[in-house]
2 protein chains.
Amino acid sequence: MQTIGFEKHDHGACIHDTLAKAEASCADTGLRLTAVRRRALEILLAEHRALGAYDLLAVLAEEGLGSQPPVAYRALDFLVKAGFAHKIEALNAYIACAHLGADHTPAFLICRSCRSVAEADTAPAQGRLGDAARDAGFKIEHTVVEAQGLCPACQEIAP
Amino acid sequence: MQTIGFEKHDHGACIHDTLAKAEASCADTGLRLTAVRRRALEILLAEHRALGAYDLLAVLAEEGLGSQPPVAYRALDFLVKAGFAHKIEALNAYIACAHLGADHTPAFLICRSCRSVAEADTAPAQGRLGDAARDAGFKIEHTVVEAQGLCPACQEIAP
DNA sequence: TATCAACTGATACATTATAACAAAAAGGCT
DNA sequence: AGCCTTTTTGTTATAATGTATCAGTTGATA
Ligand SMILES: [Zn+2]
Ligand SMILES: [Zn+2]
Ligand SMILES: [Zn+2]
Ligand SMILES: [Zn+2]
């Protein structure tokens, strides 16, 4: 699975395709991609960067889509539960899924300088973690894998 | 490296040894394990469970070691920077290091029911993540690996 | 013992997140 | 369409987590 985020790519298509997949997924499953939810996903998709709930709320508020924190948190909860977005625990922030529709276990490369985030896949890496869990009798339900450091662009600026 | 946390072990020795190692480490490096910091480490060590900063503060406050948030956050910052404790990002909480003194890259198994945490090691798992990072030109400085699920004890209670 | 750096105490504030409840909208049913 | 139920939205208030700042104290070192 491709690591999406830092390299050049057709980002217009990236946004368009992801929205289309989200809509198709909702049509399939009966979930409702309402105006606020759809716009929230678009806002997250605009860049491959993590946005805080209040950053998202600020944009929604400008557009008259809601001005109180629950508006943002509800939209984010929906997107995360539907698998359309992920929470970056190390930043208390959120990012649109870059592999929407694919069955994947995301791993993130997070730039501490520009907050851009690339999404890779660590299913193989979790073999190791899975071994440790099995040995300990632990039942894994969800994993968080986040690497923090410097993206290619920021290494040149501040190496 | 052993996964410490869920299995039976001599926890008294576990506490005692870790404190001794922390003291030795400070003696070596010139760091100062002051009263508040030492007590904070003891409190974290009491159980293999994650404590929030305000949970820690409540205990410190009872004991007259400080009553304002910065007291807890300063102690935690010190312990984390010194490698004596780790932050569990998914819980915004903190846990004493279970492998103090060993050069390790921690990975955590976090029980969503009882909040107990086992500390394993993922250096091998990060081979995969490292590959993805290298391919993307990303320079990893720190990694967060946290698996959430049910510990052995809680699987029996609420399976 | 004078000096400087590190640590502590304390106030205030910033950021992130949730509880609770009423109103509105959407969807299913006859 | 009219009625009923569920989901979503609007709003207020508050909880939980985390920092900035500055004054005072302590401790190492010269
Ligand atoms: Zn893109
Ligand atoms: Zn960057
Ligand atoms: Zn122990
Ligand atoms: Zn448990």
Side-chain angles (χ1 to χ4, degrees), chain A residues 22-23 26-41 43-44 49-82 84-95 110 112 115 144 146, chain B residues 22-23 26-41 43-44 50-82 84-95 112 115 144 146:
Chain A
E23 275 174 355
C26 286
D28 275 1
T29 58
L31 292 175
R32 285 154 64 184
L33 192 62
T34 62
V36 182
R37 293 167 175 178
R38 189 193 153 98
R39 185 67 189 121
L41 179 54
I43 292 165
L44 290 184
R49 295 210 301 140
L51 280 189
Y54 282 76
D55 298 329
L56 172 64
L57 179 60
V59 180
L60 291 174
E62 273 180 11
E63 302 175 355
L65 284 167
S67 62
Q68 299 306 316
V71 171
Y73 284 102
R74 283 168 183 159
L76 289 168
D77 283 353
F78 171 86
L79 295 175
V80 168
K81 280 191 183 132
F84 302 163
H86 304 290
K87 180 169 188 184
I88 306 295
E89 298 288 352
L91 298 179
N92 293 319
Y94 302 81
I95 189 159
I110 305 162
R112 69 168 153 82
R115 239 170 122 107
V144 173
E146 299 175 358
Chain B
E23 275 175 355
C26 286
D28 276 2
T29 58
L31 293 175
R32 285 156 62 185
L33 192 62
T34 62
V36 182
R37 292 166 176 181
R38 190 193 151 97
R39 185 66 190 123
L41 180 54
I43 292 164
L44 291 185
L51 279 190
Y54 282 76
D55 297 329
L56 172 64
L57 179 60
V59 180
L60 292 175
E62 273 181 11
E63 302 175 356
L65 283 168
S67 62
Q68 299 306 317
V71 171
Y73 283 101
R74 284 168 183 158
L76 289 168
D77 284 353
F78 171 86
L79 295 175
V80 168
K81 279 189 185 134
F84 301 163
H86 304 290
K87 179 168 188 185
I88 306 295
E89 298 289 352
L91 299 179
N92 293 319
Y94 303 81
I95 190 159
R112 69 169 152 81
R115 239 170 122 108
V144 173
E146 300 175 357

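Computation of the quantities below employed the complete heavy-atom set of this structure, encompassing side-chain atoms and omitting hydrogens, waters and symmetry-equivalent molecules. By convention in this document, chain letters (A, B, ...) are assigned in the order of the sequence lines, proteins followed by strands, and residues within each chain are numbered from 1.
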Checklist line | Separation of D:dG18 P from B:I88 CD1 (nearest whole Å) | finding: 13 Å
Item checked: Inter- and intrachain pairs under side chain to side chain donor-acceptor pair (under 3.5 Å), touching residues 66-80 of chain B, at least two apart -> none
Notebook entry, point to check: Could you give the CG-to-C1' distance, from B:L51 to D:dA16, as a whole number of Å?
Noted result: 15 Å
Notebook entry, point to check: Which pairs pass salt bridge (charged side-chain N to carboxylate O under 4.0 Å, His left out) with one or both residues in residues 27-37 of chain B, sequence neighbours excluded?
Noted result: none
Checklist line | Sequence-distant partners of B:R39, side chain to side chain donor-acceptor pair (under 3.5 Å), two or more places apart | finding: B:E42, B:E63
Notebook entry, point to check: Under 5.5 Å between ring centres and under 30° between planes: true for B:Y73 and the base of D:dT19?
Noted result: no
Next item on the list: Please list, in 5' to 3' order, the outermost nucleotides of DNA chain C lying under 4.0 Å from any heavy atom of chain B.
Entry: C:dA6 to C:dT11
Note to self: Measuring from atom CG of A:D55 to atom CD1 of A:I43, what distance do you get when rounded to the nearest 0.5 angstrom?
What the structure shows: 10.5 Å
Notebook entry, point to check: B:Q68 or B:N92: which one's nearest nucleotide on DNA chain C is closer to the 5' end?
Noted result: B:Q68
Notebook entry, point to check: How many angstroms lie between OG1 in B:T34 and CZ in B:F78, if you round to the nearest 0.5 Å?
Noted result: 7.0 Å
Check: Would you say a side-chain N or O of B:K87 is under 4.0 Å from OP1 or OP2 of D:dG18?
Finding: yes
Note to self: Each nucleotide in nucleotides 21-28 of chain D should get exactly one letter: B, S or -. Can you fill that in based on protein heavy atoms under 4.0 Å?
What the structure shows: B-----S-
Next item on the list: First locate atom CG of A:L79, then atom NE2 of A:H86, and finally report the distance between them rounded to the nearest 0.5 Å.
Entry: 11.0 Å
Notebook entry, point to check: Could you state the interatomic distance from CG (B:L41) to CG (B:L33), rounded to the nearest 0.5 Å?
Noted result: 7.0 Å
Checklist line | Degree of bending in the helix from C:dT1-D:dA30 to C:dT30-D:dA1 once both end axes are built from five pairs, to 10° | finding: 30°
Item checked: Interatomic distance, B:I95 atom CD1 to B:K87 atom NZ [nearest 0.5 angstrom] -> 14.0 Å
Item checked: Comparing A:Y94 and B:R37 on DNA chain C - which has the more 5′ nearest nucleotide -> B:R37
Check: Atom CG in B:L60, atom CD in B:E62: separation rounded to 0.5 Å?
Finding: 9.5 Å
Item checked: side chain to side chain contact (heavy atoms under 4.5 Å, CB included) partners of A:I110, counting only residues at least two apart -> A:I88, A:L91, A:F108, A:V117, A:E146, A:Q148
Notebook entry, point to check: Over how many whole Å does the gap from A:F78 atom CZ to D:dT8 atom P extend?
Noted result: 7 Å
Next item on the list: Would you name the heavy atoms of A:A50 and A:A93 that are closest together and state the gap between them?
Entry: CB-CB, 3.7 Å
Check: How many Å lie between CG on A:L91 and P on D:dT17, as a whole number?
Finding: 18 Å
